[in-house]
Protein chains: 2
Amino acid sequence: MTEGLGARAPKYHRVADALRREIRDGELAPGQRLPAETTLVERFRMSLPTIRQALGVLRAEGLIESRHGIGTFVKEQRRLQRRSRGRYGSARDHQKLLTHHLRHDIVFAGRGPVPSHIAEVMGIDPGTEVVIRRRHLFDKDTNQPEEIGASYLPVEVAGGTFLEEPTVVPKALFLCVEDLTGRHYTRARDQWIARMPTADESSILELPTGAPVMHVVHVARDEDGDVLEVSESIWPADRVIVIDDYPVEQEAEQPAAASEV
Amino acid sequence: MTEGLGARAPKYHRVADALRREIRDGELAPGQRLPAETTLVERFRMSLPTIRQALGVLRAEGLIESRHGIGTFVKEQRRLQRRSRGRYGSARDHQKLLTHHLRHDIVFAGRGPVPSHIAEVMGIDPGTEVVIRRRHLFDKDTNQPEEIGASYLPVEVAGGTFLEEPTVVPKALFLCVEDLTGRHYTRARDQWIARMPTADESSILELPTGAPVMHVVHVARDEDGDVLEVSESIWPADRVIVIDDYPVEQEAEQPAAASEV
DNA sequence: GTCGTCAAGTCCTCATGAGGAGTAGGGTCG
DNA sequence: CGACCCTACTCCTCATGAGGACTTGACGAC
């Protein structure tokens, strides 16, 4: 650990380090308010920009969060949601929306050009017309934004159906598609990346500056390998744990996706 | 998109937006150097701190990277490494280290107290003595840091073996453990989270400020459900894609890890 | 030719000063 | 009692000014 930084380290770095240690040691508990910036100026005997720069470092690390006009607070580290595969089986059971505890705002439903990163996994040309459903999900109680979601369906699959209407579907999307087409979801591929949010995502999800997002692109295919659906979700990264539970291969085998951890 | 911000938006925000658009539109290509800060001061007719604040926003978004004494550059978005399960099968095939293209620096090997986040998944008390192997991995060609890794093995498993010695093991760790104990890796569980790096991680991985990391904790058990090994890896998030390819459950089933995407 | 020195250009640190904007609490007026 | 306003406190924005540290390339001494 970088305890006791030498006098050679930048001042803002030393301040950040002192506060970081107080947070780690519990002197500043999660949820607790930090001293006001002006108070820190007096305490550390440094200028306001220097103090603010130090706070900026801790903000970028996700340790604190500032609220305009109120104060700066130690963030509560909670990762509530666990996400992994297995969604299909449980949805077949319950016959209801996977995210029924969230309020769904359908912000768009209809046809449009497929974005390039989706076209890539679908194996079609960017700009090809597909059926798109975009949604924002909010916690029903706190009204906090939880997720930005979008589904992309080939026109052959969803064209002319109620999936082009901006209404919440009655059950999991894949069950609707199976009913409408008679085809079956057979194989899926998830692609997870973590990145910094765009300005739009940051404002929709009300993210504090410096908070990363988790972005998953989900591709579902039928028994012939044809794409039935691509959907993507974007969450604040600090609310997500991806869990993958699987048997260890006992025999030599070449997995579909190479390959190391 | 937040095109054409009104005059009410903060100045640094407008500057960031203008540069962001130039990057997105390709006027500033990946790898290319941005105008010097002093040049931007003249061009936008704003003060240096304002310009620097705008650059700070783009840095936090992972769009640009500044190098002291050299300049500020548009980051190349490259996600080279794809990681997913299936590691065991291919390792049994090749009988060599999974990360043989990287240089391994064993920074520690021996006994020590288990960290709390590892104790939790191992189901033991924090501080219990375990065998720990810590390593830093570097690209053999560029010498760039690529990964921080650590393995935690119960003393019953690895105590008194060469796994307590700070030398690179001849083949994948799990094959060593299987040979030494006669027990077999049967089931594994990976836990992925994305977060901002600690100060230490940031310096070891030479991360630009504002860049998140991907952190995976891997738990391996034998047929009795006893933990044989826990290992964790930390990568710069922008070099990682996690890919998960799996069959869709056709029948009702309660997966081990609940469960929604 | 090789090495070290130097200067120019770059980003980084930090101080001072001023004003603006959002929030919460208390008081006043109806 | 309720609605409104005012004030104190908070964080946010932005300017100016100065010096330092790092990198590169050119130049001269050896």
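Throughout, a chain's letter reflects where its sequence line sits, starting with A, and its residues are numbered from 1.
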### Query
Please walk me through it: do B:Glu22 and B:Arg43 pass salt bridge (Lys or Arg N to Asp or Glu O under 4.0 Å)?
CA-CA 14 Å; B:Glu22 289 186 28; B:Arg43 175 172 146 196; 2.4 Å; yes
## Note on the structure
Result for 5'-nearest mapping on DNA chain C, choosing between B:Pro49 and B:Leu55, is B:Leu55
### Chi angles and distances behind the side-chain hydrogen bond (donor to acceptor under 3.5 Å, both in side chains) call for B:Arg135, B:Ser151
CA-CA 9 Å; B:Arg135 59 194 177 278; B:Ser151 298; 3.3 Å; yes
### Closest-nucleotide ordering on DNA chain D, the 5'-leading residue of B:Met46 and A:Ile70
A:Ile70
### Message
For a quick test of reading the model: is some side-chain N or O of B:Arg33 closer than 4.0 Å to OP1 or OP2 of C:dT10?
### Response
yes
### Summary
Only residue of A:Leu55, A:Val15, A:Thr72 satisfying side chain to side chain contact (heavy atoms under 4.5 Å, CB included) with A:Leu40 is A:Leu55
### Message
Expected output is a numbered-order residue list: members of residues 36-45 of chain A with a heavy atom under 4.0 Å from any atom of DNA chain D. What is it?
### Response
A:Ala36, A:Glu37
### Task
Hey, could you give me each pair passing side-chain hydrogen bond (donor to acceptor under 3.5 Å, both in side chains) that has a residue in residues 106-121 of chain B? Not counting sequence neighbours.
B:Arg111-B:Glu164, B:His117-B:Glu232
### Exercise: do B:Arg189 and B:His218 side chains pair donor with acceptor under 3.5 Å
no
### Task
Decide whether A:His136 and A:Asp105 meet the rule of one side-chain donor and one side-chain acceptor closer than 3.5 Å.
no
### Touch class at under 4.0 angstrom, heavy-atom based, for B:Arg52 against every strand present
base
### Task
Indicate, with a heavy-atom threshold strictly under 4.0 Å, whether A:Ser47 touches base, sugar-phosphate, or nothing.
base
### Task
Check step by step if side chain to side chain contact (heavy atoms under 4.5 Å, CB included) holds for B:Lys75 and B:Leu63.
CA-CA 6 Å; B:Lys75 270 222 281 192; B:Leu63 287 176; over 6 Å; no
### Summary
In short, B:Pro115 meets B:Arg134 closest at the heavy-atom pair CG-NH2, 4.3 Å
### Message
Can you give me the first and the last nucleotide of DNA chain D (5' to 3') that has an atom within less than 4.0 angstrom of a non-hydrogen atom in chain B?
### Response
D:dT13 to D:dT23
